[in-house]
Number of protein chains: 2
Amino acid sequence: MSTTETRAEHVDTRESLLDAAESLFSEHGIQAASLRAITHQAGANLAAVNYHFGSKDGLVRAVFSRRLKPLNEERLRRLAAIEADGDAERGVERVLHAFAAPLLSSARTDRERIRDFARLMGRAFSEPNEEVRGMVAQEFAETTDRFLAVLARLLPHVPERELLWRFHFTAGALSHTVSCGHLIDELSHGRCHADSDATLDYLLSFLAAGLRAPALAAPAFQGE
Amino acid sequence: MSTTETRAEHVDTRESLLDAAESLFSEHGIQAASLRAITHQAGANLAAVNYHFGSKDGLVRAVFSRRLKPLNEERLRRLAAIEADGDAERGVERVLHAFAAPLLSSARTDRERIRDFARLMGRAFSEPNEEVRGMVAQEFAETTDRFLAVLARLLPHVPERELLWRFHFTAGALSHTVSCGHLIDELSHGRCHADSDATLDYLLSFLAAGLRAPALAAPAFQGE
DNA sequence: GTCTATAGGGGGATAGAC
DNA sequence: GTCTATCCCCCTATAGAC
């Protein structure tokens with residue numbers, strides 16, 4: 001058995017740990033998922049987490065950072081492609097698609113591939129763990145700024161502050177859809193299914209209408 | 001010291017425990033809030049939780065059930081008042097107000113009074129603890145049915161399935177607004193504030209437009 | 001790099017005095 | 001009803017052999 005072969009056999013212990021953590025964090029919550037359960041599911045030893053990530057917190061950070069940067073890069077790549085097209089029809093829908101599709105793909109295989117992380121992301125903004133929340137919010141901030149700039153051009157009738165709120169609501173609807181799939185099954189008495197192919201279309205038309213709504217008449221220049 | 005006086009002094013140990021639990025669950029998450037911290041904040045003894053609620057799970061259930069029924073009764077009371085008015089102007093906005101205002105009141109004092117519970121409710125649908133999720137979803141189901149029936153009359157152009165999805169997105173935007181207040185402060189670079197008096201107005205106009213949007217052209221009769 | 005073994009702490013629950 | 005004291009479990013982290 002050569003050194004290379006030996007290494008090859010163990011190259012993805014780290015990845016296995018990340019996969020197991022992602023899955024168990026998604027299912028039980030970050031706090032409730034123990035390192036014992038994670039290392040067991042990864043087929044690794046309890047001490048492996050501390051060796052590779054230093055601590056449970058280190059593992060948590062790694063689980064998020066592995067996916068966050070690619071997610072937001074994909075969003076920005078799609079946004080740039082739309083901008084390059086000039087202001088075509090249905091600009092708002094296309095921008096929303098660029099934002100939501102990477103988390104809520106309409107291709108079933110993609111959806112399953114990212115399901116655990118998507119559920120985790122949906123809860124990340126309300127995560128009690130401050131470090132996680134801060135990390136996600138920071139990564140999210142850059143993307144938000146870019147999307148807001150494009151939406152502001154497409155929706156010149158919406159004052160800046162109101163657009164910020166509308167984008168906040170947009171993020172909320174997406175988060176909820178991504179992390180509370182089960183709920184639609186229940187509250188529709190089985191008439192809707194979380195993993196329906198039409199979910200993304202329904203979501204985009206709903207959100208686009210909300211973003212395009214006339215601006216509020218009164219407020220806007222109170223002290224807030 | 002009479003028996004009555006003695007009782008009077010201790011009548012609200014139970015309530016103190018519920019208040020402390022609500023506050024600490026909201027701040028740290030259910031799993032992360034320990035009975036030791038809760039009883040300490042309540043000025044009660046560690047054993048008090050087991051005496052009054054049987055277990056931590058019992059306490060969790062009590063924290064939710066104390067507020068859930070009044071919340072949904074208030075929503076239904078407001079909904080009934082709207083229906084009694086006949087189909088006046090801005091019906092969708094008024095229905096949404098009946099749904100959202102009890103959790104996201106525009107009166108600052110009310111908001112502070114229910115803030116902890118609202119944050120808890122916002123996370124409840126994605127709560128990893130199955131029992132909590134089930135309990136909240138069940139209580140929520142009856143309210144949902146009533147609101148959906150009224151919305152269906154106000155929005156006859158929206159097919160049933162699409163309306164279910166739109167209500168799901170509505171619940172998501174509300175949940176997020178209620179549990180992730182901090183986020184709007186950050187991603188707006190300080191230009192918006194979570195506890196702004198205008199939040200409810202912004203939310204209602206956004207959601208009403210989404211609910212009123214034209215129905216999707218294509219799907220609707222696929223196998224889903 | 002990976003393992004075993006264990007330290008060290010905190011958790012929920014309960015028995016029994018008052 | 002409320003307290004103290006304690007049981008027993010599971011957790012994370014680490015030391016040290018391999």
Side-chain angles (χ1 to χ4, degrees), chain A residues 1-64 127-132, chain B residues 1-64 127-132:
Chain A
M1 192 194 274
S2 80
T3 305
T4 339
E5 280 166 343
T6 306
R7 265 208 257 111
E9 277 176 320
H10 298 290
V11 149
D12 41 19
T13 292
R14 208 188 130 94
E15 286 294 303
S16 303
L17 288 170
L18 289 171
D19 291 340
E22 185 172 81
S23 149
L24 291 170
F25 287 165
S26 164
E27 186 174 353
H28 303 292
I30 293 174
Q31 162 94 14
S34 71
L35 295 186
R36 282 176 166 77
I38 291 165
T39 49
H40 179 259
Q41 177 163 322
N45 185 273
L46 176 57
V49 166
N50 272 72
Y51 177 77
H52 285 286
F53 304 99
S55 66
K56 182 173 180 176
D57 264 354
L59 173 62
V60 172
R61 275 192 298 274
V63 163
F64 279 96
E127 171 63 40
N129 180 328
E130 280 184 40
E131 200 182 350
V132 170
Chain B
M1 190 193 276
S2 80
T3 306
T4 339
E5 281 166 341
T6 306
R7 266 209 255 112
E9 278 177 318
H10 298 291
V11 149
D12 42 20
T13 293
R14 207 188 130 94
E15 286 295 303
S16 303
L17 287 171
L18 288 172
D19 290 340
E22 185 172 80
S23 149
L24 291 171
F25 288 166
S26 163
E27 187 176 351
H28 303 292
I30 293 174
Q31 161 93 15
S34 72
L35 295 186
R36 283 175 166 79
I38 291 165
T39 49
H40 180 260
Q41 177 163 320
N45 186 272
L46 175 57
V49 166
N50 272 73
Y51 177 76
H52 286 284
F53 305 100
S55 66
K56 181 172 180 176
D57 264 354
L59 174 61
V60 173
R61 274 192 298 274
V63 164
F64 279 95
E127 172 64 40
N129 181 329
E130 279 185 41
E131 199 182 351
V132 171

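Residue numbering restarts at 1 for every chain, and letters A, B, ... go by the order of the sequence lines.
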Nearest-Å distance for atom pair [atom1]/[atom2], residues [X] and [N]:
{"X": "B:Phe53", "N": "C:dG12", "atom1": "CZ", "atom2": "P", "answer": "15 Å"}
{"X": "A:Leu35", "N": "C:dA7", "atom1": "CG", "atom2": "P", "answer": "20 Å"}
{"X": "A:Lys56", "N": "D:dC11", "atom1": "NZ", "atom2": "P", "answer": "9 Å"}
{"X": "A:Asp12", "N": "C:dG1", "atom1": "CG", "atom2": "P", "answer": "13 Å"}
{"X": "B:Leu17", "N": "D:dT2", "atom1": "CG", "atom2": "C1'", "answer": "11 Å"}
{"X": "A:Tyr51", "N": "D:dT14", "atom1": "OH", "atom2": "C1'", "answer": "15 Å"}
{"X": "A:His52", "N": "C:dG1", "atom1": "NE2", "atom2": "P", "answer": "8 Å"}
{"X": "B:Asn50", "N": "C:dG16", "atom1": "CG", "atom2": "P", "answer": "16 Å"}

Practice task
Look at the side-chain N and O atoms of B:Thr13 and state whether any lies under 4.0 Å from the OP1 or OP2 oxygen of D:dT2.
Solution key: yes

Problem - Under-4.0 Å side-chain N/O to phosphate OP1/OP2 contact, B:Ser34 with C:dG10 - result: no

What's the separation between atom [atom1] in [X] and atom [atom2] in [Y], rounded to the nearest 0.5 Å?
{"X": "B:His52", "Y": "B:Thr39", "atom1": "NE2", "atom2": "OG1", "value": "11.5 Å"}
{"X": "A:Ile38", "Y": "A:Glu22", "atom1": "CD1", "atom2": "CD", "value": "11.0 Å"}
{"X": "B:Asp19", "Y": "B:Asp12", "atom1": "CG", "atom2": "CG", "value": "9.0 Å"}
{"X": "B:Arg36", "Y": "B:Asn45", "atom1": "CZ", "atom2": "CG", "value": "10.5 Å"}

With a cut-off of 3.5 Å and sequence neighbours excluded, list every side-chain donor-acceptor pair involving residues 25-35 of chain B.
unit_1, atom_1, unit_2, atom_2, d
B:Ser26, OG, B:Arg119, NE, 3.3
B:Ser34, OG, B:Ala37, N, 3.1

Problem - Nearest atoms (heavy-atom pairs only) where B:Thr13 meets B:Ala44 - result: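 Scanning both residues, the minimum pair turns out to be CG2-CB, 4.3 Å.
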
Write out a two-atom table: protein N or O, nucleotide N or O from nucleotides 4-9 of chain D, distance below 3.5 Å.
unit_1, atom_1, unit_2, atom_2, d
D:dT4, OP2, B:Asn45, ND2, 2.9

